[in-house]
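First up is the structure itself, then whatever we jot down about it.
Here the structure is a predicted model, which is why all the values come from computation and not from measurement.
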Amino acid sequence: MRRLAAAVLCGGLLAAGCSAGHDDPVPAPRSLVPGSRSAAPAGHGDWTTYHRDGLRSGYAPGTPALGTLRPAWTARLDGAVYGQPLVVRGKVVAATENDTVYALAPATGRVLWHRHLGTPQPRSGLGCGNIDPLGITGTPVYDASTGLVFAVAETTGGRHRLVGLDLATGGEKVDREVEPPAGDRSAHQQRAALALLAGRVYIAYGGLYGDCGSYRGSVVSVPVTGSGPVASYTLPTHRMGGIWAPGGPVVDGGRLLVSVGNGESTDGSYDGTDSVLALSAGLHRTDYFAPSGWRRDNAADADLGSLTPVRIGHFVVMVGKSGTAYLLAAGHLGGIGGQLAQTDACPAYGAAAFTGGTVYVPCSDGLLRLTVRADGTMTTGWRMALRRAGSPVIGGGAVWVTDFAAGTLYALDPDTGRVRQHLAVGDLPNFASPVLSGDHVYLGTRTGVSALFGA
C-alpha cells in the first residue's frame with residue numbers, strides 16, 4: 001500500500017494522498033470518494049460498512065499510532081460473527097449466525113440492545129455448505145440518511161430477509177423479502193457485505209460452499225425506506241457464477257464493481273462468469289473484464305470471484321484463485337483478455353486493503369504487498385507467510401491481518417512486513433477482518449466479538 005517510511009509519516013497514518021514510498025505510487029484521486037451518502041463514516045472513528053468506506057479500502061485515517069496490543073473485553077453472543085462489526089455513533093454493531101443483531105458498548109462490550117430476527121437455516125437442511133447454522137453472514141451496513149442498520153438474515157426454508165434496525169433502539173423499521181431472482185433460494189448464500197448507493201441497499205448472492213443446487217450469482221437492491229420496487233441483476237449463465245467475496249460490491253462513484261466466480265460453462269460463448277463486472281445503480285451491466293482463459297478457470301475452479309475488486313487511482317486491480325494479478329483501466333475494464341498488465345501474485349481470498357499505490361493482498365497462505373505505479377506497471381513486494389490470511393486493514397502506521405486458521409492477530413510494518421505486534425485472539429471465522437476505531441481493534445469471532453487495545 002504505501003511505503004510508510006516511518007510510523008510518523010503523514011501524522012503516523014497511511015494518509016491517502018501521502019506518498020508512502022519511493023516507488024511513485026498512484027495517488028488516490030478525490031473523485032474516488034464513495035458515491036453513496038452513507039458510505040463514508042458518520043463520525044470520527046466510525047466504521048459504517050465493510051472495510052470502512054464504499055471503496056472497501058480498509059484504511060482508517062486518524063487511528064492512533066500502534067502501541068502495545070492487549071485484550072480489552074470479550075462479548076459472548078448467541079452465534080458466530082462472520083462479518084465485520086460496525087462502529088457507529090458510540091455503538092459496536094455485530095450480527096450473528098443465529099440471526100441476531102447486537103449493539104455493544106465500545107469500551108466494555110455491554111449489550112445495549114439486541115434484536116433476534118428469526119430461526120437460522122440448519123446445515124442439515126442444505127445440500128452442502130460449511131456454516132451451521134446459516135443466519136446473518138454478510139457484513140451489515142449503516143445508512144446515515146435513515147439512521148438504520150441493514151442486515152440480511154437467512155431463516156429456515158432458505159428465506160432471505162432484509163431488515164433495517166434503528167441504531168438508537170434496535171427497533172425494526174424495515175422488513176423486506178429479498179430473494180435471489182433465479183434458481184433455488186436455499187442454494188444461495190448471502191456472504192458478501194451489503195453496500196449503499198443512491199438511497200438503495202445492494203445485496204449480492206453466491207452459492208454454498210461446495211456449489212450444490214441451482215443458484216446463479218445476482219445482485220438485488222431495495223430502497224433504504226423499505227418501500228418501492230426491488231431491482232436485480234442476474235448473471236447470464238446456466239448455473240453458479242457466485243458473487244460472494246466478503247467485501248461485497250465496491251461503490252465506485254455512481255456504479256458498483258463486483259467479482260464473479262466460476263460458472264458451469266467451460267466451452268462455447270462467454271457466460272458472464274470468472275469476471276469483474278461494472279453495474280449501474282439501476283443494476284445494468286455497463287462494463288466487464290474476463291481473463292482470456294476464463295473457460296480453463298471455470299473448469300479448474302480458479303476464478304476471480306474470491307477477492308473483492310480493488311479500485312485504485314485510474315485502475316482496478318483483480319486477483320483471484322489462479323494467483324494472477326490483473327491491472328485494468330477503470331474507465332474501460334477491457335472485456336475478454338483486455339487487461340493493461342498482469343503479474344504472478346498469489347491465490348487470493350477475501351478483500352485487500354489499499355492506500356496510495358499499494359495494495360495488501362490476502363493470500364491463501366499469507367499476505368502480499370503489491371505496488372501499482374502511475375505508468376500502469378505492477379510489482380510484488382514482501383510476503384508474510386501465514387496459515388490462512390484474513391482480510392487486512394490499515395491504520396496507526398501498521399497493516400493489521402489475522403491468521404484465522406491459527407487464531408492470531410498481527411500488526412505488521414507496512415514497508416517490510418516485519419511483525420511489530422501479535423496476539424492470540426481465539427477461534428476466528430474464515431476471512432476474519434479487524435475493525436479499527438480509536439485505540440481499539442474489534443474482531444468478530446466464532447463466539448461473538450473481541451476487543452483489543454491497539455494503541
Taking the six-membered ring for Trp and the single ring otherwise, decide whether the centroids of Tyr215 and Tyr205 are under 6.0 Å apart.
no
Hey, are Thr100 and Asp78 close enough side-chain-wise for a donor-acceptor pair under 3.5 Å?
yes
Nearest 0.5 Å, please: how far is CZ in Arg388 from CG in Asn430?
6.5 Å
Taking the side chain as every heavy atom from C-beta outward, state whether Ser437 and Tyr442 have any pair of such atoms under 4.5 Å apart.
yes
Is there a side-chain contact between Val393 and Ser433 in this structure, where contact means two heavy atoms from C-beta onward sitting under 4.5 Å apart?
yes
Between Tyr288 and Tyr270 (judged by ring centroids, cut-off 6.0 Å), do the two rings come close enough to count as a pair?
yes
Determine yes or no for a side-chain-to-main-chain donor-acceptor pair under 3.5 angstrom, with Trp400 supplying the side chain and Leu436 the backbone.
no
Kindly give the heavy-atom pair with the smallest separation between Leu327 and Val372, and that separation in Å.
CD1-CG1, 3.9 Å
Does any donor atom in the side chain of Ser391 or Tyr50 lie under 3.5 Å from an acceptor atom in the other side chain?
yes
Does Pro246 offer a backbone N or O that forms a donor-acceptor pair with the side chain of Arg191 under 3.5 Å?
no
Between the main-chain N or O of Gly83 and the side-chain N or O of Thr139, is there a donor-acceptor pair closer than 3.5 Å?
no
Could you give me the CA-CA distance, side-chain angles and deciding distance for Val251 and Leu256, then say whether side-chain contact (heavy atoms from CB on, under 4.5 Å) is met?
CA-CA 5 Å; Val251 181; Leu256 303 171; 4.0 Å; yes
Tightest non-hydrogen contact, residues Ala398 and Leu66, listed as CB-CD2, 4.4 Å
Surrounding NE2 of His238 (heavy atoms of other residues, nucleotides or ligands, distance under 6.0 Å), is the total greater than 12?
no
Should Asp427 and Arg446 count as an ion pair when the cut-off is N to O under 4.0 Å?
yes
So do the side chains of Leu148 and Val224 get within less than 4.5 Å of each other, counting heavy atoms only?
no
Quick check: does any side chain N or O of Arg115 sit under 3.5 Å from a backbone N or O of Gly170, one acting as donor and the other as acceptor?
yes
Salt bridge present between Glu172 and Arg161 (N-O < 4.0 angstrom):
yes
Any side-chain heavy-atom pair of Pro434 and Thr402 under 4.5 Å:
yes
Atom of Leu208, atom of Cys212 and distance for their closest heavy-atom approach
CD1-SG, 4.1 Å
Nearest heavy-atom neighbours spanning Ala351 and Pro362
O-CG, 3.5 Å
In terms of heavy-atom contacts, Ile243 and Ala192 come closest through O-CB, 4.0 Å
What's the verdict on side-chain contact (heavy atoms from CB on, under 4.5 Å) for Leu412 and Val401, showing C-alpha distance, side-chain angles and the deciding distance?
CA-CA 8 Å; Leu412 308 178; Val401 64; 4.0 Å; yes
Take Leu165 and Phe150 through the side-chain contact (heavy atoms from CB on, under 4.5 Å) test and state the conclusion after the steps.
CA-CA 6 Å; Leu165 303 178; Phe150 289 94; over 6 Å; no
Where the side chain of Asp252 meets the backbone of Arg255, is there a donor-acceptor pair that is under 3.5 Å apart?
no
With distance as the sole test, does Arg56 use its side chain to make a donor-acceptor pair with the main-chain N or O of Pro249 at under 3.5 Å?
yes
Under the side-chain contact (heavy atoms from CB on, under 4.5 Å) test, which residues partner Pro133, sequence neighbours left out?
Pro120
Do Pro106 and Lys91 make a side-chain contact, defined as non-hydrogen atoms from C-beta onward lying under 4.5 Å apart?
no
Does Gly157 offer a backbone N or O that forms a donor-acceptor pair with the side chain of Gln121 under 3.5 Å?
yes
Straight-line distance of Leu279 CG to Leu197 CG, nearest 0.5 Å:
10.5 Å
Please tell me whether Ser145 and Asp143 have a donor and an acceptor in their side chains that are separated by less than 3.5 angstrom.
yes
Heavy-atom nearest pair, Ala348 first then Ser306, reads O-OG, 2.6 Å
With heavy-atom distances below 4.5 Å as the criterion, would you say the side chains of Tyr326 and Leu304 are in contact?
yes
Go through the steps to decide whether Val178 and Val222 satisfy the test side-chain contact (heavy atoms from CB on, under 4.5 Å), and finish with yes or no.
CA-CA 8 Å; Val178 286; Val222 176; 3.6 Å; yes
Once rounded to the nearest 0.5 Å, what's the spacing between atom CG of Leu409 and atom OG of Ser450?
10.5 Å
Go through the side-chain N and O atoms of Thr273 and Asn262 and say whether any donor and acceptor fall under 3.5 Å apart.
no
Polar side-chain atom of Thr237 near backbone of Gly241 as donor-acceptor pair, under 3.5 Å:
no
Just by distance, with hydrogens left out, do Gln190 and His160 show a side-chain donor and acceptor under 3.5 Å apart?
no
What I'd like to find out is whether the side chain of Leu167 reaches to under 4.5 Å of the side chain of Arg89, using heavy atoms alone.
yes
Determine whether the side chains of Trp244 and Gln189 contain a donor N or O and an acceptor N or O closer than 3.5 Å.
no
Expected output: side-chain Asn298 to main-chain Ser265 donor-acceptor under 3.5 Å
yes
Looking only at atom types and distance, does a side-chain atom of Arg176 sit under 3.5 Å from a main-chain N or O of Gly226, one as donor and one as acceptor?
yes
Could you tell me the separation between the OG1 atom of Thr96 and the CG atom of Leu77, rounded to the nearest 0.5 Å?
7.0 Å
Got Thr49 and Tyr142 here, is their nearest side-chain heavy-atom distance under 4.5 Å?
no
Give, for atom CG of Asp274 and atom NZ of Lys321, the distance between the pair rounded to the nearest 0.5 Å.
9.5 Å
Validation row, ring centre His440 to ring centre Phe453 under 6.0 Å
yes
To the nearest 0.5 Å, how far apart are CD1 in Ile131 and OH in Tyr82?
4.5 Å
